[in-house]
Amino acid sequence: MEVHRIAEELEGLEANQALETVLAANQSGRLCLTSSFQAEAMVLAHLLRKRLPDLAVLFLETGYHFPQTYEYRDRMTKEFSLNLVNVFPAQTVAEQESASGSLYRSEPTRCCQLRKVEPLMRALEPFDIWFTGLRREQSPTRKNLKKLELHSLPTGKNIWKVSLLADWSWEQVWAYMNVYAIPHLPQYDEGYLSIGCQPCTALPSDPNNSRSGRWGGTKLECGIHTFTTREER
């Protein structure tokens with residue numbers, strides 16, 4: 001397929017070159033960026049907003065984020081003039097906890113499914129190209145990540161999943177943040193390396209695995225990057 005040829009080409013390109021290649025190859029597609037407002041997402045927002053000022057930036061509004069995350073999201077949305085789209089679950093936190101208790105404690109995978117995976121799958125439906133801040137170095141579950149992958153949503157719709165920073169190191173991410181003086185989430189200054197919902201985020205237990213502080217070490221992924229089906233050749 002054409003997308004697999006393009007994917008092979010992207011592996012040898014820098015982020016800006018890869019972006020231009022993707023845009024040239026899929027000129028009529030609707031585009032979005034999923035953002036948790038962590039460092040990688042802010043590097044991408046900085047890169048993409050110059051070229052795609054109206055890009056939809058999807059934020060999974062789980063209701064469980066750190067207060068600092070909400071403050072930073074609002075501040076950077078204004079500073080970068082982002083087209084922020086808050087993606088909400090079917091139930092509020094109060095409704096879910098009234099019906100099922102604290103799922104983040106008893107059934108964290110189900111909690112992620114209800115508050116992240118299902119809302120995002122619905123939100124992605126109108127789009128053709130999905131930019132992510134994933135990097136191979138982030139976790140063993142991401143070591144085989146490609147800069148461009150063709151994925152199938154639960155409805156069967158295909159979407160280009162583009163990870164321009166797939167081959168970047170943590171040091172490269174922070175070098176970019178420093179060069180362009182991009183503010184960062186204050187939790188990084190406390191030692192957090194991967195920042196999600198507050199009840200399920202702790203300091204990393206393994207310094208070589210930034211996501212080892214998530215979900216009490218019981219899992220490494222919430223499901224938004226494993227629920228879609230990657231189409232192989």
Side-chain angles (χ1 to χ4, degrees), residues 1-60 76 80-85 120 123-153 157-182 184 194 210-211 221 224-233:
M1 294 177 65
E2 178 72 5
V3 66
H4 295 301
R5 182 193 63 77
I6 299 167
E8 290 180 1
E9 181 182 350
L10 258 58
E11 289 303 317
L13 300 179
E14 297 294 331
N16 277 314
Q17 296 172 311
L19 171 61
E20 293 304 324
T21 301
V22 167
L23 296 181
N26 197 333
Q27 297 182 23
S28 60
R30 293 191 62 190
L31 307 94
C32 70
L33 164 67
T34 46
S35 175
S36 60
F37 286 82
Q38 294 184 76
E40 293 91 343
M42 298 316 298
V43 168
L44 276 178
H46 187 268
L47 278 170
L48 296 172
R49 72 189 181 115
K50 304 174 188 176
R51 188 70 171 77
L52 304 164
D54 298 323
L55 178 73
V57 178
L58 309 184
F59 175 78
L60 296 178
M76 295 309 298
F80 276 17
S81 299
L82 299 177
N83 177 20
L84 181 68
V85 178
L120 179 60
L124 287 174
E125 197 64 30
F127 298 101
D128 305 291
I129 301 176
W130 169 21
F131 290 102
T132 85
L134 297 182
R135 296 183 298 112
R136 295 173 191 139
E137 186 187 76
Q138 287 170 332
S139 169
T141 56
R142 300 176 179 181
K143 64 181 181 179
N144 296 318
L145 176 73
K146 302 297 183 184
K147 292 183 182 179
L148 170 60
E149 298 175 347
L150 182 64
H151 279 247
S152 178
L153 299 177
K157 179 181 177 178
N158 284 338
I159 190 168
W160 288 22
K161 187 173 183 179
V162 182
S163 303
L164 298 175
L165 309 183
D167 57 351
W168 281 36
S169 67
W170 187 233
E171 290 74 22
Q172 285 176 288
V173 172
W174 280 95
Y176 188 101
M177 295 279 284
N178 291 331
V179 165
Y180 292 99
I182 302 172
H184 58 264
S194 179
S210 64
R211 295 180 65 81
E221 299 285 352
I224 63 172
H225 294 299
T226 57
F227 196 74
T228 56
T229 303
R230 186 170 74 175
E231 301 294 327
E232 304 295 344
R233 287 179 178 274

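In what follows, every heavy atom counts, from backbone to side chain, and hydrogens, waters and symmetry copies are set aside.
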Considering only distance and modelled atom types, tabulate donor-acceptor pairs under 3.5 Å from the side chains of residues 174-182, sequence neighbours left out.
| unit_1 | atom_1 | unit_2 | atom_2 | d |
| --- | --- | --- | --- | --- |
| Y176 | OH | H46 | ND1 | 2.6 |
| N178 | ND2 | W174 | O | 3.1 |

Look at the side chain of [X] and the backbone N and O of [Y], then say whether any donor-acceptor pair between them is shorter than 3.5 Å.
{"X": "R135", "Y": "W168", "result": "yes"}
{"X": "E11", "Y": "K147", "result": "yes"}
{"X": "S163", "Y": "L165", "result": "no"}
{"X": "E149", "Y": "W160", "result": "no"}
{"X": "R30", "Y": "D128", "result": "no"}
{"X": "K146", "Y": "L10", "result": "no"}
{"X": "N83", "Y": "D54", "result": "yes"}

Just list the side-chain donor-acceptor pairs under 3.5 Å for residues 18-29, sequence neighbours left out, or say none.
| unit_1 | atom_1 | unit_2 | atom_2 | d |
| --- | --- | --- | --- | --- |
| E20 | OE1 | R51 | NE | 3.2 |
| E20 | OE1 | R51 | NH2 | 3.2 |
| E20 | OE2 | R51 | NE | 2.8 |
| T21 | OG1 | Q17 | O | 3.0 |
| N26 | OD1 | G29 | N | 3.3 |
| Q27 | NE2 | A24 | O | 3.1 |

State the [atom1]-[atom2] distance between [X] and [Y], to the nearest 0.5 angstrom.
{"X": "L31", "Y": "F127", "atom1": "CG", "atom2": "CZ", "result": "8.5 Å"}
{"X": "L153", "Y": "E125", "atom1": "CG", "atom2": "CD", "result": "5.5 Å"}
{"X": "L47", "Y": "L55", "atom1": "CG", "atom2": "CG", "result": "11.5 Å"}
{"X": "L13", "Y": "I6", "atom1": "CG", "atom2": "CD1", "result": "11.5 Å"}

**Request:** Tell me, yes or no, whether the heavy-atom count around K143 atom NZ, taken from other residues, nucleotides or ligands under 6.0 Å, exceeds 12.
**Result:**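 Counting other residues, nucleotides and ligands, NZ of K143 stays at 12 neighbours or fewer.
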**Message:** Between E2 and R5, does any NZ, NE, NH1 or NH2 come within less than 4.0 Å of an OD or OE carboxylate oxygen?
**Reply:**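 Salt bridge: yes.
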**Item:** Close side-chain approach of L48 and L164, heavy atoms under 4.5 Å
**Value:**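 In short, these two side chains touch, coming nearer than 4.5 Å.
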**Message:** So F131 and T34, do their side chains get closer than 4.5 Å, heavy atoms only?
**Reply:**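 Of all side-chain heavy-atom pairs linking F131 with T34, none is under 4.5 Å.
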**Taking every non-hydrogen atom, the tightest pair across A41 and S36** =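 For A41 versus S36, the nearest heavy atoms are CB-N, 4.2 Å.
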**Message:** Does V162 form a side chain to side chain contact (heavy atoms under 4.5 Å, CB included) with I129? I'd like the steps, not just the answer.
**Reply:** CA-CA 7 Å; V162 182; I129 301 176; 3.8 Å; yes
